[in-house]
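Below is one structure, written out as structure tokens; the observations come after it.
None of these values were measured; they are calculated from a predicted model.
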Amino acid sequence: LATELARLQASTPADPPATARATFANELGRPPEEAFAEFDPTAFASASIAQVHRARLRSGEPVVVKIQKQGIESRILADLSILAGMADLAEKHSHDLKAVRPVALVRQLRRSLLQELDFNHERRSIEEFAHSFAHDETVHFPRVHRELCARRVLTMERLDGIPGSDPAGLRASGADLDAFARRGANLFLEMIFRDSFYHADPHPGNLMLLEGGVVGVIDCGMVGRLDESLRDEIEGMLAAVAARNSEDLAEAVSRLGEVPATASRDQLRVDLAEFVGDYARRSIDELDLSAALNSLVEIVRRHHIVLPPQASMLLRTLVLLEGTSRLLVPAFSLAELIQPFIRRSLHRHL
């Protein structure tokens with residue numbers, strides 16, 4: 001999954017230069033050649049929603065300009081309309097699919113995608129992340145230039161480094177990849193468990209190795225936010241997994257999700273006890289957290305328990321984070337790194 005998502009970073013066709021120029025001018029009221037000392041009209045990277053151009057401010061600072069692709073919003077709205085129709089049919093005619101509330105899932109996806117299409121949301125997210133990690137010299141978020149940002153344009157500092165999607169380049173750099181992977185994973189765990197506001201798309205192309213082993217983070221369009229009660233429940237669930245306590249895990253899952261009246265709580269406890277027993281025999285450094293979370297979600301789905309969308313997004317982020325880290329260091333253990341955060345949460349509760 002991490003490998004496939006990395007291909008989306010720079011493998012889609014870009015809009016022609018004239019189209020990108022027109023989008024910039026429509027958003028900011030002047031062509032890019034007037035706004036910058038230098039502007040490369042040919043995109044050097046192109047993802048699904050936007051493309052990125054090199055530019056230089058009149059101050060001489062190198063920047064990148066993210067410009068939304070023409071017509072992408074109408075295409076996404078058309079796709080969402082098709083999805084909504086399919087979800088409505090599924091909810092009306094399939095008992096099994098109705099249990100996972102496809103209409104609500106598509107509604108959540110719609111909100112998330114439309115938010116990503118407004119680059120003002122991404123700008124504010126970058127600013128919030130940069131403020132939260134302002135005193136951490138091992139992490140760097142690009143500085144944004146507000147006066148050159150709009151709904152479909154985002155201008156930010158150009159980061160010079162090696163992207164996580166270039167494992168050969170990372171190995172050739174001679175950098176300590178284990179330290180880089182741990183630093184990047186700890187960054188995401190801090191965002192989740194300390195700030196309750198996190199970058200929700202940690203695929204390799206969104207992380208960069210900067211000079212001095214610093215972790216650079218880009219593309220903050222997809223973010224997740226946890227309210228205090230939901231964070232407490234998720235921490236309780238992860239603590240129960242770490243402690244191999246099936247009773248606590250059953251209670252945590254029941255509190256976190258919506259359990260249908262027809263569900264057998266006894267069978268749920270049996271299934272979770274088997275799940276815990278399977279992973280209890282493994283030491284923490286060999287625990288595959290991604291596999292464990294996927295197994296847990298499979299049990300939840302089997303019992304038609306519906307998790308809140310914020311919880312689903314967080315579990316997906318943790319699975320993706322471990323996959324990305326293992327591309328850098330195959331023996332990487334996210335479960336080992338997450339232990340101190342669980343202990344810290346227990347201290348906070350007590």
Side-chain angles (χ1 to χ4, degrees), residues 1-11 47 136 138-140 159 161-194 198-210 213-220 222-224 234-235 237-239 241-242 244 275-276 278-299 311-343:
L1 177 63
T3 303
E4 286 301 311
L5 286 172
R7 295 174 61 193
L8 291 175
Q9 185 70 16
S11 301
D136 188 342
T138 67
V139 173
H140 188 74
L159 300 187
I162 305 170
S165 53
D166 181 12
L170 291 170
R171 287 192 293 271
S173 72
D176 185 341
L177 295 190
D178 183 67
F180 176 64
R182 294 175 74 89
R183 194 171 293 140
N186 269 311
L187 160 67
F188 279 86
L189 295 176
E190 289 278 3
M191 285 191 276
I192 293 166
F193 295 105
R194 184 192 70 187
Y198 61 96
H199 187 305
D201 198 18
H203 71 72
N206 287 341
L207 298 176
M208 297 182 74
L209 173 63
L210 306 180
V214 173
V215 179
V217 187
I218 61 173
D219 198 357
C220 300
M222 186 187 295
V223 296
I234 289 172
E235 286 176 346
M237 187 178 74
L238 291 172
V241 172
R244 280 81 164 177
F275 162 79
V276 167
D278 183 29
Y279 287 96
R281 293 186 290 272
R282 309 179 193 189
S283 62
I284 195 68
D285 61 325
E286 64 178 10
L287 175 60
D288 185 340
L289 187 66
S290 300
L293 291 176
N294 281 325
S295 296
L296 183 59
V297 169
E298 182 55 38
I299 292 171
S312 298
M313 177 177 274
L314 175 58
L315 295 177
R316 170 198 173 277
T317 300
L318 289 172
V319 169
L320 186 53
L321 178 60
E322 184 164 70
T324 292
S325 302
R326 285 187 171 168
L327 284 179
L328 301 174
V329 181
F332 184 87
S333 171
L334 187 61
E336 183 183 353
L337 286 190
I338 214 169
Q339 286 286 92
F341 291 92
I342 293 173
R343 284 197 294 271

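- Heavy atoms only, all atoms of each residue included: Pro204 and Thr324 are closest at CD-OG1, 3.4 Å.
- Two residues are said to be in side-chain contact when any heavy atoms from C-beta on lie closer than 4.5 Å; Leu189 and Leu334 meet this criterion.
- The shortest distance between side-chain heavy atoms of Glu190 and Val139 does not fall below 4.5 Å.
- When all heavy atoms of Ser173 and Ile162 are compared, the closest pair comes out as CB-CD1, 3.6 Å.
- With contacts defined as side-chain heavy-atom distances shorter than 4.5 Å, the pair Glu298/Phe275 does not qualify.
- Looking at every heavy atom in both residues, Val214 comes nearest to Arg183 through N-NH1, 4.4 Å.
- For the residue pair Leu337 and Ala185, the shortest heavy atom distance occurs at CD1-CB, 3.6 Å.
- Leu328 contributes atom CG, which lies 9.5 Å from atom CZ of Arg171 (distance to the nearest 0.5 angstrom).
- In this structure the side chain of Arg316 reaches within 4.5 angstrom of the side chain of Asp201, judged on heavy atoms.
- Rounding to the nearest 0.5 angstrom, the gap separating the OH atom in Tyr198 from the CG atom in Leu187 is 14.0 Å.
- Side-chain contact between Met208 and His140: absent, with no pair of heavy atoms (C-beta onward) separated by less than 4.5 Å.
- Under the 3.5 Å distance criterion, the side-chain polar atoms of His203 are left unmatched by any main-chain donor or acceptor of Gly323.
- Contact detail for Ala181 and Val329: the closest heavy-atom pair is CB-CG2, 4.0 Å.
- Contact annotation: the side chain of His199 never approaches that of Thr317 to less than 4.5 Å [non-hydrogen atoms, C-beta and beyond].
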Take Leu315 and Leu296 through the test side chain to side chain contact (heavy atoms under 4.5 Å, CB included) and record every step on the way to the result. CA-CA 10 Å; Leu315 295 177; Leu296 183 59; over 6 Å; no
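- For the atom pair CD1 (Ile338) and CZ (Phe341), the distance works out to 8.0 Å, reported to the nearest 0.5 Å.
- In this structure, the separation between CG on Asn186 and CG on Leu321 is 9.5 Å, given to the nearest 0.5 Å.
- With contacts defined as side-chain heavy-atom distances shorter than 4.5 Å, the pair Phe332/Leu327 does not qualify.
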(request) Apply salt bridge (Lys or Arg N to Asp or Glu O under 4.0 Å) to the pair Asp288 and Arg326, showing each step before the final yes or no. (result) CA-CA 11 Å; Asp288 185 340; Arg326 285 187 171 168; 3.3 Å; yes
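- Residues Phe188 and Leu320 fail the side-chain proximity criterion, which asks for heavy atoms closer than 4.5 Å.
- A donor-acceptor pair under 3.5 Å is absent between the side-chain atoms of Asn206 and the main chain of Pro202, judged by distance alone.
- Smallest separation of non-hydrogen atoms from Pro163 and Gly161: CD-O, 3.8 Å.
- Taking CD1 from Ile192 and CD from Glu235, the interatomic distance works out to 10.5 Å, rounded to the nearest 0.5 Å.
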